[in-house]
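So you know, we letter chains A, B, ... as the sequences are listed, proteins then strands, and number each from 1. Just so you know, these numbers use all the heavy atoms, side chains as well, and skip hydrogens, waters and symmetry mates.
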Protein chains: 2
Amino acid sequence: MRDGPDIARIASLVGDPARANMLMALMDGGALTASELAVEAGVSLPTASSHLSKLMDGGLLALASQGRHRYYSLSGTQIASMLESIMGVAAAVGPRRTRPGPKDETMRVARVCYDHLAGEQAVAMLDGFLARDILVVAGEIVTLGPAGKEFFATAGIDIAALSGRRRPLCRSCLDWSVRRSHLAGALGAAILDHIMDRKWARRLPGSRAVRFTPPGRLAFEGVFLPPR
Amino acid sequence: MRDGPDIARIASLVGDPARANMLMALMDGGALTASELAVEAGVSLPTASSHLSKLMDGGLLALASQGRHRYYSLSGTQIASMLESIMGVAAAVGPRRTRPGPKDETMRVARVCYDHLAGEQAVAMLDGFLARDILVVAGEIVTLGPAGKEFFATAGIDIAALSGRRRPLCRSCLDWSVRRSHLAGALGAAILDHIMDRKWARRLPGSRAVRFTPPGRLAFEGVFLPPR
DNA sequence: AGAATGCTTCGATTAGTGTCGAACTATGCG
DNA sequence: CGCATAGTTCGACACTAATCGAAGCATTCT
(Lines give C-alpha, C1' and ligand atoms only; values in the text may rest on other atoms or scores of the structure.)
Protein backbone atom coordinates (compact mmCIF):
# COMPACT_ATOMS: atom_id res chain seq x y z
CA MET A 1 0.00 0.00 0.00
CA ARG A 2 1.15 3.41 -0.86
CA ASP A 3 0.06 6.86 0.09
CA GLY A 4 -1.86 9.17 -2.18
CA PRO A 5 -5.11 8.85 -4.06
CA ASP A 6 -6.23 5.64 -5.74
CA ILE A 7 -4.93 6.37 -9.19
CA ALA A 8 -5.16 2.78 -10.45
CA ARG A 9 -8.90 2.70 -9.90
CA ILE A 10 -9.45 5.75 -12.08
CA ALA A 11 -6.95 4.74 -14.73
CA SER A 12 -8.38 1.24 -15.08
CA LEU A 13 -11.79 2.75 -15.70
CA VAL A 14 -10.36 4.70 -18.61
CA GLY A 15 -8.20 1.74 -19.59
CA ASP A 16 -10.92 -0.30 -21.21
CA PRO A 17 -11.36 0.46 -24.92
CA ALA A 18 -15.13 0.53 -24.77
CA ARG A 19 -15.17 2.91 -21.82
CA ALA A 20 -12.43 5.04 -23.34
CA ASN A 21 -14.49 5.44 -26.49
CA MET A 22 -17.49 6.48 -24.45
CA LEU A 23 -15.48 9.07 -22.58
CA MET A 24 -13.99 10.39 -25.80
CA ALA A 25 -17.47 10.72 -27.22
CA LEU A 26 -18.43 12.82 -24.21
CA MET A 27 -15.37 15.05 -24.48
CA ASP A 28 -17.44 17.58 -26.38
CA GLY A 29 -19.31 18.26 -23.17
CA GLY A 30 -22.58 16.96 -24.50
CA ALA A 31 -24.85 14.39 -22.90
CA LEU A 32 -25.61 11.11 -24.65
CA THR A 33 -28.02 8.28 -23.95
CA ALA A 34 -26.95 4.76 -23.15
CA SER A 35 -27.88 3.56 -26.63
CA GLU A 36 -25.90 6.28 -28.34
CA LEU A 37 -22.89 5.51 -26.20
CA ALA A 38 -23.24 1.82 -27.01
CA VAL A 39 -22.92 2.68 -30.70
CA GLU A 40 -19.95 4.96 -30.04
CA ALA A 41 -18.20 2.24 -28.13
CA GLY A 42 -19.17 -0.46 -30.59
CA VAL A 43 -20.69 -2.77 -27.99
CA SER A 44 -24.14 -4.10 -27.25
CA LEU A 45 -26.56 -2.27 -25.03
CA PRO A 46 -26.15 -4.52 -21.98
CA THR A 47 -22.40 -4.23 -22.20
CA ALA A 48 -22.63 -0.47 -22.46
CA SER A 49 -24.96 -0.36 -19.50
CA SER A 50 -22.51 -2.33 -17.41
CA HIS A 51 -19.68 0.02 -18.35
CA LEU A 52 -21.78 3.05 -17.63
CA SER A 53 -22.61 1.91 -14.14
CA LYS A 54 -18.92 1.36 -13.49
CA LEU A 55 -18.10 4.84 -14.72
CA MET A 56 -20.85 6.20 -12.50
CA ASP A 57 -19.50 4.33 -9.49
CA GLY A 58 -16.10 5.76 -10.26
CA GLY A 59 -17.53 9.25 -10.28
CA LEU A 60 -16.46 10.03 -13.81
CA LEU A 61 -19.95 10.51 -15.17
CA ALA A 62 -23.02 12.48 -14.24
CA LEU A 63 -26.50 11.29 -14.99
CA ALA A 64 -29.60 13.27 -15.91
CA SER A 65 -32.81 11.28 -16.18
CA GLN A 66 -35.40 12.79 -18.46
CA GLY A 67 -38.41 10.62 -18.92
CA ARG A 68 -37.35 7.31 -20.29
CA HIS A 69 -34.06 8.71 -21.50
CA ARG A 70 -30.99 8.71 -19.33
CA TYR A 71 -28.40 11.22 -20.41
CA TYR A 72 -24.82 10.59 -19.40
CA SER A 73 -22.13 13.28 -19.43
CA LEU A 74 -18.71 13.86 -17.95
CA SER A 75 -19.06 14.79 -14.30
CA GLY A 76 -16.88 17.89 -14.63
CA THR A 77 -14.18 19.78 -16.44
CA GLN A 78 -11.54 18.11 -14.34
CA ILE A 79 -12.38 14.80 -15.99
CA ALA A 80 -12.04 16.37 -19.43
CA SER A 81 -8.73 17.85 -18.37
CA MET A 82 -7.42 14.48 -17.28
CA LEU A 83 -8.52 12.88 -20.53
CA GLU A 84 -6.75 15.54 -22.57
CA SER A 85 -3.66 14.95 -20.49
CA ILE A 86 -3.77 11.22 -21.20
CA MET A 87 -4.35 11.97 -24.86
CA GLY A 88 -1.21 14.08 -24.78
CA VAL A 89 0.87 11.16 -23.58
CA ALA A 90 -0.78 8.76 -25.98
CA ALA A 91 -0.12 11.09 -28.89
CA ALA A 92 3.49 11.56 -27.82
CA VAL A 93 4.50 7.96 -27.16
CA GLY A 94 1.97 6.06 -29.19
CA PRO A 95 2.64 4.79 -32.66
CA ARG A 96 1.25 7.12 -35.24
CA ARG A 97 -1.62 4.78 -35.87
CA THR A 98 -3.82 7.62 -37.01
CA ARG A 99 -1.69 9.44 -39.50
CA PRO A 100 -2.90 12.98 -40.01
CA GLY A 101 -5.75 12.74 -42.47
CA PRO A 102 -7.96 15.63 -43.52
CA LYS A 103 -10.21 15.23 -40.51
CA ASP A 104 -7.29 15.13 -38.09
CA GLU A 105 -5.97 18.29 -39.65
CA THR A 106 -9.26 20.03 -38.98
CA MET A 107 -9.21 18.62 -35.46
CA ARG A 108 -5.75 20.01 -34.81
CA VAL A 109 -6.81 23.47 -35.91
CA ALA A 110 -10.05 23.68 -33.96
CA ARG A 111 -12.13 21.26 -31.96
CA VAL A 112 -14.49 21.17 -29.02
CA CYS A 113 -13.01 20.19 -25.67
CA TYR A 114 -15.82 19.49 -23.22
CA ASP A 115 -17.58 22.82 -23.61
CA HIS A 116 -14.95 25.19 -24.94
CA LEU A 117 -12.78 25.59 -28.00
CA ALA A 118 -9.44 23.78 -28.28
CA GLY A 119 -6.75 23.43 -30.92
CA GLU A 120 -4.44 25.92 -32.58
CA GLN A 121 -7.08 28.60 -32.94
CA ALA A 122 -7.93 28.39 -29.24
CA VAL A 123 -4.28 28.46 -28.20
CA ALA A 124 -3.68 31.51 -30.38
CA MET A 125 -6.69 33.16 -28.82
CA LEU A 126 -5.49 32.65 -25.26
CA ASP A 127 -1.98 33.80 -26.15
CA GLY A 128 -3.49 36.94 -27.65
CA PHE A 129 -5.60 37.61 -24.55
CA LEU A 130 -2.53 37.33 -22.34
CA ALA A 131 -0.35 39.47 -24.59
CA ARG A 132 -2.94 42.23 -24.60
CA ASP A 133 -3.59 42.13 -20.82
CA ILE A 134 -7.15 41.03 -21.42
CA LEU A 135 -6.45 38.09 -19.15
CA VAL A 136 -3.68 37.50 -16.65
CA VAL A 137 -2.63 34.19 -15.27
CA ALA A 138 -1.14 32.85 -12.05
CA GLY A 139 -0.70 29.15 -11.96
CA GLU A 140 -3.80 27.43 -13.20
CA ILE A 141 -5.86 30.42 -12.19
CA VAL A 142 -6.65 32.83 -14.99
CA THR A 143 -8.35 36.13 -14.18
CA LEU A 144 -9.50 39.24 -15.98
CA GLY A 145 -6.71 41.68 -16.72
CA PRO A 146 -6.83 45.48 -16.90
CA ALA A 147 -8.04 45.48 -20.49
CA GLY A 148 -10.45 42.61 -19.99
CA LYS A 149 -13.71 44.21 -18.96
CA GLU A 150 -13.79 46.63 -21.86
CA PHE A 151 -12.68 44.03 -24.39
CA PHE A 152 -15.42 41.54 -23.66
CA ALA A 153 -18.02 44.28 -23.46
CA THR A 154 -17.23 45.37 -27.02
CA ALA A 155 -16.97 41.74 -28.14
CA GLY A 156 -20.48 41.22 -26.90
CA ILE A 157 -19.85 38.83 -24.04
CA ASP A 158 -21.55 39.56 -20.75
CA ILE A 159 -18.91 38.94 -18.11
CA ALA A 160 -21.18 39.89 -15.23
CA ALA A 161 -23.68 37.19 -16.13
CA LEU A 162 -20.89 34.63 -16.03
CA SER A 163 -19.25 35.59 -12.76
CA GLY A 164 -22.17 34.74 -10.52
CA ARG A 165 -21.82 30.99 -10.84
CA ARG A 166 -19.81 28.71 -8.68
CA ARG A 167 -17.83 27.69 -11.74
CA PRO A 168 -14.56 29.57 -12.21
CA LEU A 169 -14.71 32.20 -14.89
CA CYS A 170 -11.47 31.19 -16.54
CA ARG A 171 -9.27 28.16 -16.42
CA SER A 172 -6.52 26.86 -18.60
CA CYS A 173 -6.67 23.41 -20.14
CA LEU A 174 -3.69 21.58 -21.59
CA ASP A 175 -4.02 20.85 -25.29
CA TRP A 176 -2.98 17.38 -26.41
CA SER A 177 -2.34 18.34 -30.01
CA VAL A 178 -0.27 21.45 -29.46
CA ARG A 179 0.98 20.90 -25.90
CA ARG A 180 -0.03 24.38 -24.96
CA SER A 181 -2.93 25.64 -22.94
CA HIS A 182 -6.19 27.05 -24.11
CA LEU A 183 -8.99 28.84 -22.30
CA ALA A 184 -11.53 26.78 -20.41
CA GLY A 185 -13.98 27.74 -17.65
CA ALA A 186 -17.21 29.69 -17.98
CA LEU A 187 -15.60 32.27 -20.23
CA GLY A 188 -14.22 29.63 -22.57
CA ALA A 189 -17.66 28.09 -22.78
CA ALA A 190 -19.28 31.47 -23.42
CA ILE A 191 -16.90 32.18 -26.29
CA LEU A 192 -17.68 28.84 -27.89
CA ASP A 193 -21.40 29.64 -27.56
CA HIS A 194 -20.72 33.01 -29.13
CA ILE A 195 -19.07 31.36 -32.13
CA MET A 196 -21.79 28.78 -32.55
CA ASP A 197 -24.66 31.23 -32.09
CA ARG A 198 -23.30 33.33 -34.94
CA LYS A 199 -22.71 30.21 -37.06
CA TRP A 200 -19.08 31.19 -37.57
CA ALA A 201 -18.25 27.50 -37.43
CA ARG A 202 -19.99 24.17 -37.44
CA ARG A 203 -19.33 20.86 -35.78
CA LEU A 204 -18.33 18.03 -38.06
CA PRO A 205 -20.94 15.34 -37.52
CA GLY A 206 -19.80 12.50 -35.30
CA SER A 207 -16.60 14.25 -34.37
CA ARG A 208 -15.31 16.89 -32.01
CA ALA A 209 -13.69 18.71 -34.90
CA VAL A 210 -14.90 22.21 -35.71
CA ARG A 211 -14.61 23.81 -39.12
CA PHE A 212 -14.86 27.57 -39.46
CA THR A 213 -16.69 28.97 -42.45
CA PRO A 214 -14.50 31.39 -44.42
CA PRO A 215 -16.42 34.51 -43.32
CA GLY A 216 -16.78 33.03 -39.83
CA ARG A 217 -13.06 32.60 -39.51
CA LEU A 218 -12.46 36.21 -40.48
CA ALA A 219 -15.06 37.37 -37.99
CA PHE A 220 -13.57 35.23 -35.22
CA GLU A 221 -10.05 36.45 -35.92
CA GLY A 222 -11.25 40.03 -36.11
CA VAL A 223 -12.95 39.90 -32.74
CA PHE A 224 -10.84 37.52 -30.66
CA LEU A 225 -7.35 37.43 -32.15
CA PRO A 226 -4.90 40.32 -31.96
CA PRO A 227 -4.47 42.36 -35.18
CA ARG A 228 -1.36 41.37 -37.06
CA MET B 1 -13.03 2.82 -33.97
CA ARG B 2 -12.70 6.41 -33.06
CA ASP B 3 -10.30 9.16 -33.93
CA GLY B 4 -7.62 10.50 -31.65
CA PRO B 5 -4.75 8.90 -29.82
CA ASP B 6 -5.00 5.50 -28.17
CA ILE B 7 -5.92 6.64 -24.71
CA ALA B 8 -7.11 3.25 -23.49
CA ARG B 9 -3.70 1.71 -24.05
CA ILE B 10 -2.01 4.28 -21.85
CA ALA B 11 -4.70 4.30 -19.20
CA SER B 12 -4.77 0.53 -18.88
CA LEU B 13 -1.03 0.58 -18.27
CA VAL B 14 -1.61 2.90 -15.33
CA GLY B 15 -4.74 0.99 -14.38
CA ASP B 16 -3.05 -1.96 -12.79
CA PRO B 17 -2.38 -1.44 -9.06
CA ALA B 18 1.13 -2.87 -9.20
CA ARG B 19 2.11 -0.66 -12.12
CA ALA B 20 0.42 2.35 -10.59
CA ASN B 21 2.44 1.89 -7.42
CA MET B 22 5.63 1.67 -9.45
CA LEU B 23 4.80 4.87 -11.30
CA MET B 24 3.96 6.64 -8.06
CA ALA B 25 7.28 5.57 -6.62
CA LEU B 26 8.99 7.15 -9.62
CA MET B 27 7.06 10.40 -9.33
CA ASP B 28 9.94 11.88 -7.41
CA GLY B 29 11.93 11.79 -10.63
CA GLY B 30 14.42 9.31 -9.29
CA ALA B 31 15.51 6.06 -10.91
CA LEU B 32 14.89 2.76 -9.17
CA THR B 33 16.01 -0.78 -9.88
CA ALA B 34 13.65 -3.59 -10.72
CA SER B 35 13.99 -5.10 -7.24
CA GLU B 36 13.23 -1.82 -5.52
CA LEU B 37 10.18 -1.35 -7.67
CA ALA B 38 9.06 -4.89 -6.91
CA VAL B 39 9.07 -3.98 -3.22
CA GLU B 40 7.24 -0.72 -3.87
CA ALA B 41 4.56 -2.54 -5.82
CA GLY B 42 4.37 -5.42 -3.37
CA VAL B 43 4.89 -8.13 -5.98
CA SER B 44 7.54 -10.70 -6.73
CA LEU B 45 10.51 -9.95 -8.90
CA PRO B 46 9.30 -11.83 -11.99
CA THR B 47 5.95 -10.10 -11.80
CA ALA B 48 7.61 -6.74 -11.48
CA SER B 49 9.83 -7.49 -14.43
CA SER B 50 6.85 -8.32 -16.56
CA HIS B 51 5.14 -5.08 -15.61
CA LEU B 52 8.26 -3.09 -16.29
CA SER B 53 8.62 -4.41 -19.79
CA LYS B 54 5.00 -3.49 -20.46
CA LEU B 55 5.59 0.01 -19.20
CA MET B 56 8.67 0.21 -21.41
CA ASP B 57 6.72 -0.95 -24.43
CA GLY B 58 4.13 1.68 -23.66
CA GLY B 59 6.82 4.34 -23.61
CA LEU B 60 6.12 5.44 -20.06
CA LEU B 61 9.50 4.48 -18.68
CA ALA B 62 13.10 5.12 -19.58
CA LEU B 63 15.83 2.63 -18.83
CA ALA B 64 19.45 3.23 -17.88
CA SER B 65 21.61 0.14 -17.61
CA GLN B 66 24.56 0.51 -15.31
CA GLY B 67 26.48 -2.68 -14.87
CA ARG B 68 24.20 -5.32 -13.50
CA HIS B 69 21.72 -2.72 -12.30
CA ARG B 70 18.93 -1.53 -14.48
CA TYR B 71 17.53 1.80 -13.42
CA TYR B 72 13.99 2.64 -14.43
CA SER B 73 12.59 6.16 -14.42
CA LEU B 74 9.68 8.04 -15.90
CA SER B 75 10.39 8.79 -19.52
CA GLY B 76 9.60 12.48 -19.18
CA THR B 77 7.87 15.26 -17.34
CA GLN B 78 4.78 14.79 -19.46
CA ILE B 79 4.25 11.41 -17.83
CA ALA B 80 4.54 12.96 -14.38
CA SER B 81 2.07 15.63 -15.43
CA MET B 82 -0.44 13.05 -16.56
CA LEU B 83 -0.08 11.12 -13.32
CA GLU B 84 -0.66 14.25 -11.24
CA SER B 85 -3.73 14.93 -13.33
CA ILE B 86 -5.10 11.45 -12.65
CA MET B 87 -4.27 11.90 -8.97
CA GLY B 88 -6.33 15.06 -9.05
CA VAL B 89 -9.39 13.21 -10.27
CA ALA B 90 -8.82 10.33 -7.89
CA ALA B 91 -8.51 12.71 -4.97
CA ALA B 92 -11.64 14.56 -6.00
CA VAL B 93 -13.98 11.66 -6.68
CA GLY B 94 -12.40 8.92 -4.63
CA PRO B 95 -13.49 8.04 -1.14
CA ARG B 96 -11.25 9.59 1.42
CA ARG B 97 -9.54 6.31 2.01
CA THR B 98 -6.40 8.03 3.17
CA ARG B 99 -7.65 10.51 5.68
CA PRO B 100 -5.16 13.29 6.21
CA GLY B 101 -2.62 11.96 8.65
CA PRO B 102 0.54 13.74 9.74
CA LYS B 103 2.47 12.48 6.72
CA ASP B 104 -0.24 13.56 4.29
CA GLU B 105 -0.23 16.99 5.88
CA THR B 106 3.49 17.30 5.19
CA MET B 107 2.87 16.03 1.69
CA ARG B 108 0.26 18.68 1.04
CA VAL B 109 2.60 21.42 2.15
CA ALA B 110 5.65 20.32 0.21
CA ARG B 111 6.63 17.29 -1.79
CA VAL B 112 8.76 16.29 -4.72
CA CYS B 113 7.01 16.00 -8.08
CA TYR B 114 9.31 14.28 -10.56
CA ASP B 115 12.27 16.61 -10.13
CA HIS B 116 10.81 19.80 -8.77
CA LEU B 117 8.96 21.02 -5.72
CA ALA B 118 5.17 20.69 -5.48
CA GLY B 119 2.56 21.42 -2.83
CA GLU B 120 1.40 24.62 -1.17
CA GLN B 121 4.87 26.04 -0.80
CA ALA B 122 5.60 25.53 -4.48
CA VAL B 123 2.29 27.04 -5.54
CA ALA B 124 2.92 30.07 -3.34
CA MET B 125 6.36 30.41 -4.88
CA LEU B 126 5.07 30.42 -8.45
CA ASP B 127 2.31 32.86 -7.58
CA GLY B 128 4.91 35.14 -6.05
CA PHE B 129 7.12 34.94 -9.13
CA LEU B 130 4.23 35.89 -11.36
CA ALA B 131 3.05 38.71 -9.13
CA ARG B 132 6.51 40.23 -9.08
CA ASP B 133 7.10 39.89 -12.86
CA ILE B 134 9.93 37.47 -12.25
CA LEU B 135 8.13 35.06 -14.53
CA VAL B 136 5.37 35.61 -17.04
CA VAL B 137 3.12 33.00 -18.46
CA ALA B 138 1.22 32.38 -21.67
CA GLY B 139 -0.64 29.13 -21.77
CA GLU B 140 1.54 26.34 -20.53
CA ILE B 141 4.61 28.27 -21.55
CA VAL B 142 6.29 30.15 -18.75
CA THR B 143 9.14 32.52 -19.50
CA LEU B 144 11.41 34.90 -17.67
CA GLY B 145 9.80 38.25 -16.94
CA PRO B 146 11.39 41.68 -16.75
CA ALA B 147 12.51 41.21 -13.16
CA GLY B 148 13.58 37.62 -13.66
CA LYS B 149 17.22 37.81 -14.65
CA GLU B 150 18.22 39.99 -11.76
CA PHE B 151 16.16 38.04 -9.24
CA PHE B 152 17.71 34.67 -9.97
CA ALA B 153 21.18 36.18 -10.14
CA THR B 154 20.87 37.47 -6.58
CA ALA B 155 19.18 34.26 -5.48
CA GLY B 156 22.23 32.37 -6.70
CA ILE B 157 20.70 30.44 -9.59
CA ASP B 158 22.58 30.46 -12.86
CA ILE B 159 19.94 30.93 -15.52
CA ALA B 160 22.43 30.94 -18.38
CA ALA B 161 23.64 27.44 -17.49
CA LEU B 162 20.05 26.19 -17.61
CA SER B 163 18.97 27.74 -20.88
CA GLY B 164 21.34 25.80 -23.09
CA ARG B 165 19.55 22.49 -22.79
CA ARG B 166 16.80 21.21 -24.98
CA ARG B 167 14.55 21.04 -21.94
CA PRO B 168 12.27 24.05 -21.49
CA LEU B 169 13.42 26.40 -18.79
CA CYS B 170 10.05 26.73 -17.15
CA ARG B 171 6.81 24.83 -17.31
CA SER B 172 3.76 24.71 -15.13
CA CYS B 173 2.54 21.47 -13.61
CA LEU B 174 -0.94 20.98 -12.17
CA ASP B 175 -0.95 20.15 -8.49
CA TRP B 176 -3.31 17.40 -7.40
CA SER B 177 -3.52 18.50 -3.79
CA VAL B 178 -4.17 22.20 -4.33
CA ARG B 179 -5.52 22.21 -7.91
CA ARG B 180 -3.21 25.01 -8.80
CA SER B 181 -0.03 25.00 -10.81
CA HIS B 182 3.51 25.00 -9.63
CA LEU B 183 6.80 25.55 -11.40
CA ALA B 184 8.32 22.64 -13.31
CA GLY B 185 10.96 22.54 -16.04
CA ALA B 186 14.68 23.08 -15.72
CA LEU B 187 14.22 26.08 -13.44
CA GLY B 188 11.88 24.20 -11.14
CA ALA B 189 14.44 21.42 -10.92
CA ALA B 190 17.26 23.88 -10.26
CA ILE B 191 15.35 25.46 -7.40
CA LEU B 192 14.73 22.07 -5.81
CA ASP B 193 18.46 21.35 -6.11
CA HIS B 194 19.16 24.72 -4.54
CA ILE B 195 16.97 23.84 -1.57
CA MET B 196 18.46 20.40 -1.15
CA ASP B 197 22.08 21.52 -1.57
CA ARG B 198 21.66 23.96 1.27
CA LYS B 199 19.87 21.34 3.37
CA TRP B 200 16.91 23.64 3.88
CA ALA B 201 14.69 20.61 3.71
CA ARG B 202 14.96 16.87 3.71
CA ARG B 203 13.05 14.09 2.03
CA LEU B 204 11.01 11.85 4.29
CA PRO B 205 12.36 8.34 3.74
CA GLY B 206 10.20 6.20 1.52
CA SER B 207 7.95 9.10 0.57
CA ARG B 208 7.82 12.03 -1.77
CA ALA B 209 7.04 14.33 1.12
CA VAL B 210 9.52 17.06 1.95
CA ARG B 211 9.88 18.64 5.37
CA PHE B 212 11.58 21.99 5.74
CA THR B 213 13.80 22.53 8.74
CA PRO B 214 12.74 25.62 10.72
CA PRO B 215 15.74 27.73 9.65
CA GLY B 216 15.52 26.25 6.15
CA ARG B 217 11.94 27.33 5.83
CA LEU B 218 12.80 30.88 6.82
CA ALA B 219 15.67 30.93 4.34
CA PHE B 220 13.46 29.56 1.55
CA GLU B 221 10.72 32.06 2.23
CA GLY B 222 13.20 34.89 2.46
CA VAL B 223 14.73 34.11 -0.91
CA PHE B 224 11.87 32.76 -3.02
CA LEU B 225 8.62 34.04 -1.53
CA PRO B 226 7.50 37.66 -1.72
CA PRO B 227 7.88 39.67 1.51
CA ARG B 228 4.62 40.03 3.35
C1' DA C 1 37.28 -20.03 -13.11
C1' DG C 2 33.68 -20.36 -9.84
C1' DA C 3 30.31 -18.29 -6.89
C1' DA C 4 26.99 -14.76 -6.05
C1' DT C 5 23.85 -11.22 -7.28
C1' DG C 6 20.47 -8.77 -10.33
C1' DC C 7 17.21 -9.48 -13.57
C1' DT C 8 14.50 -11.73 -17.25
C1' DT C 9 12.05 -15.56 -19.49
C1' DC C 10 9.23 -19.69 -19.32
C1' DG C 11 5.32 -22.41 -17.87
C1' DA C 12 1.21 -23.24 -15.41
C1' DT C 13 -2.37 -21.70 -12.53
C1' DT C 14 -5.98 -18.68 -11.31
C1' DA C 15 -8.86 -14.72 -10.82
C1' DG C 16 -11.10 -11.17 -12.88
C1' DT C 17 -13.81 -9.07 -16.27
C1' DG C 18 -15.54 -8.02 -20.79
C1' DT C 19 -19.01 -9.93 -23.80
C1' DC C 20 -23.64 -11.07 -25.35
C1' DG C 21 -28.53 -13.29 -25.37
C1' DA C 22 -32.51 -13.51 -22.80
C1' DA C 23 -35.43 -12.10 -19.36
C1' DC C 24 -37.08 -8.26 -16.53
C1' DT C 25 -38.48 -3.26 -15.29
C1' DA C 26 -39.93 1.28 -16.49
C1' DT C 27 -41.62 5.01 -19.21
C1' DG C 28 -44.40 6.79 -22.89
C1' DC C 29 -47.97 6.35 -26.68
C1' DG C 30 -52.27 5.33 -28.76
C1' DC D 1 -55.02 -0.99 -21.03
C1' DG D 2 -51.97 -3.18 -24.23
C1' DC D 3 -47.87 -2.33 -27.11
C1' DA D 4 -43.41 -0.30 -28.28
C1' DT D 5 -39.17 1.69 -26.84
C1' DA D 6 -35.26 2.66 -23.38
C1' DG D 7 -32.65 0.65 -20.11
C1' DT D 8 -30.98 -2.61 -16.48
C1' DT D 9 -30.12 -7.18 -14.47
C1' DC D 10 -29.03 -12.08 -14.86
C1' DG D 11 -26.55 -16.11 -16.38
C1' DA D 12 -23.15 -18.30 -18.99
C1' DC D 13 -19.07 -18.20 -21.68
C1' DA D 14 -14.53 -16.87 -23.15
C1' DC D 15 -10.53 -14.65 -22.82
C1' DT D 16 -7.18 -11.72 -21.08
C1' DA D 17 -3.80 -10.88 -17.90
C1' DA D 18 -1.89 -10.97 -13.22
C1' DT D 19 0.66 -14.02 -10.37
C1' DC D 20 4.47 -16.95 -8.74
C1' DG D 21 8.13 -20.91 -8.85
C1' DA D 22 11.77 -22.59 -11.37
C1' DA D 23 15.10 -22.14 -14.66
C1' DG D 24 18.10 -19.33 -17.65
C1' DC D 25 21.31 -15.04 -18.73
C1' DA D 26 24.26 -11.52 -17.62
C1' DT D 27 27.43 -9.05 -14.78
C1' DT D 28 30.47 -8.52 -10.93
C1' DC D 29 33.20 -10.16 -6.99
C1' DT D 30 36.68 -13.33 -5.09
Q: Looking for any heavy atom pair under 4.0 Å, which part of the strands does A:Y72 touch: base, sugar-phosphate only, or nothing?
A: sugar-phosphate
Q: Calculate the interatomic distance between B:L61 atom CG and C:dT8 atom P; express it in whole Å.
A: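 That distance rounds to 11 Å.
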Q: Nearest-Å distance, NZ (B:K54) to C1' (D:dA17)?
A: 6 Å
Q: Return the nearest nucleotide to the side chain of A:V43; candidates are C:dT19, D:dT9, C:dT9.
A: C:dT19
Q: By nearest nucleotide on DNA chain C, pick out whichever of A:A48 and B:Y71 is the more 5' one.
A: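 Nearest-nucleotide comparison on DNA chain C picks B:Y71.
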Q: B:M56 CE to C:dC7 C1': how many Å, rounded?
A: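 It is 14 Å, rounded to the nearest whole Å.
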Q: So, does A:R19 get its side chain near the phosphate of C:dG18, meaning an N or O under 4.0 Å from OP1 or OP2?
A: yes
Q: Specify the separation, in whole Å, of atom CE of B:M22 and atom C1' of D:dT19.
A: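 Rounded to the whole Å, the gap is 12 Å.
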Q: How close or far is atom P of C:dA22 from atom CG of A:L45, stated in whole angstroms?
A: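 The answer, rounded to whole Å, is 15 Å.
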Q: Of the candidate nucleotides D:dG7, D:dT19, D:dA22, which contains the atom at the shortest distance from the side chain of B:S50?
A: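 Nearest to the side-chain atoms of B:S50, counting from C-beta on, is D:dT19.
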Q: From D:dA22, D:dT9, D:dT19, pick the nucleotide closest to the side chain of B:A18?
A: D:dT19
Q: D:dC29 P sits how many Å from B:H69 NE2, rounded?
A: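 Interatomic distance, NE2 of B:H69 to P of D:dC29: 9 Å.
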Q: Counting only side-chain nitrogens and oxygens, does A:R70 get under 4.0 Å of the OP1 or OP2 atom of D:dT8?
A: yes
Q: If I take atom CG in residue A:L52 and atom P in nucleotide D:dT8, what distance separates them, rounded to the nearest angstrom?
A: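 The answer, rounded to whole Å, is 7 Å.
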Q: Are B:E84 and B:R208 ion-paired here, with the side-chain N under 4.0 Å from a carboxylate O?
A: yes
Q: Would B:T47 and B:S50 count as a side-chain hydrogen bond (donor to acceptor under 3.5 Å, both in side chains) here? Give the steps.
A: CA-CA 5 Å; B:T47 302; B:S50 152; over 6 Å; no
Q: Find out whether B:L61 and B:L26 are in side-chain contact, i.e. whether some heavy atom of one side chain is under 4.5 Å from a heavy atom of the other.
A: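 When only atoms from C-beta onward are counted, B:L26 and B:L61 do touch, with a gap below 4.5 Å.
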Q: Treating B:S75 as the side-chain partner and B:A62 as the backbone partner, does any N or O pair qualify as donor plus acceptor under 3.5 Å?
A: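 Answer holds: no.
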Q: Please confirm whether the shortest side-chain N or O distance from A:S44 to OP1 or OP2 of C:dT19 is below 4.0 Å.
A: no
Q: Any Lys/Arg nitrogen of B:R203 or B:D28 sitting under 4.0 Å from an Asp/Glu carboxylate oxygen of the other?
A: yes
Q: Nearest-Å distance, CG (B:L13) to C1' (D:dT16)?
A: 14 Å
Q: With no hydrogens and no angle check, is any side-chain donor or acceptor of B:T106 less than 3.5 Å from a backbone partner on B:R211?
A: no
Q: Which is true for A:T33 with a 4.0 Å heavy-atom rule: it touches a base, it touches only sugar-phosphate, or it touches nothing?
A: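 Touches sugar-phosphate only.
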Q: Is the shortest side-chain N/O distance from A:H51 to OP1 or OP2 of C:dT19 below 4.0 Å?
A: yes
Q: Would you please confirm or rule out a distance under 4.0 Å between OP1 or OP2 of D:dC20 and any side-chain N or O of B:T47?
A: yes
Q: Strictly below 4.0 Å: does A:S49 bring a side-chain N or O up to OP1 or OP2 of D:dT8?
A: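 For A:S49, the contact criterion (side-chain N or O under 4.0 Å from OP1 or OP2 of D:dT8) is met.
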Q: Would you indicate which nucleotide in D:dC20, C:dC20, C:dG6 comes nearest to any side-chain atom of A:P46?
A: C:dC20
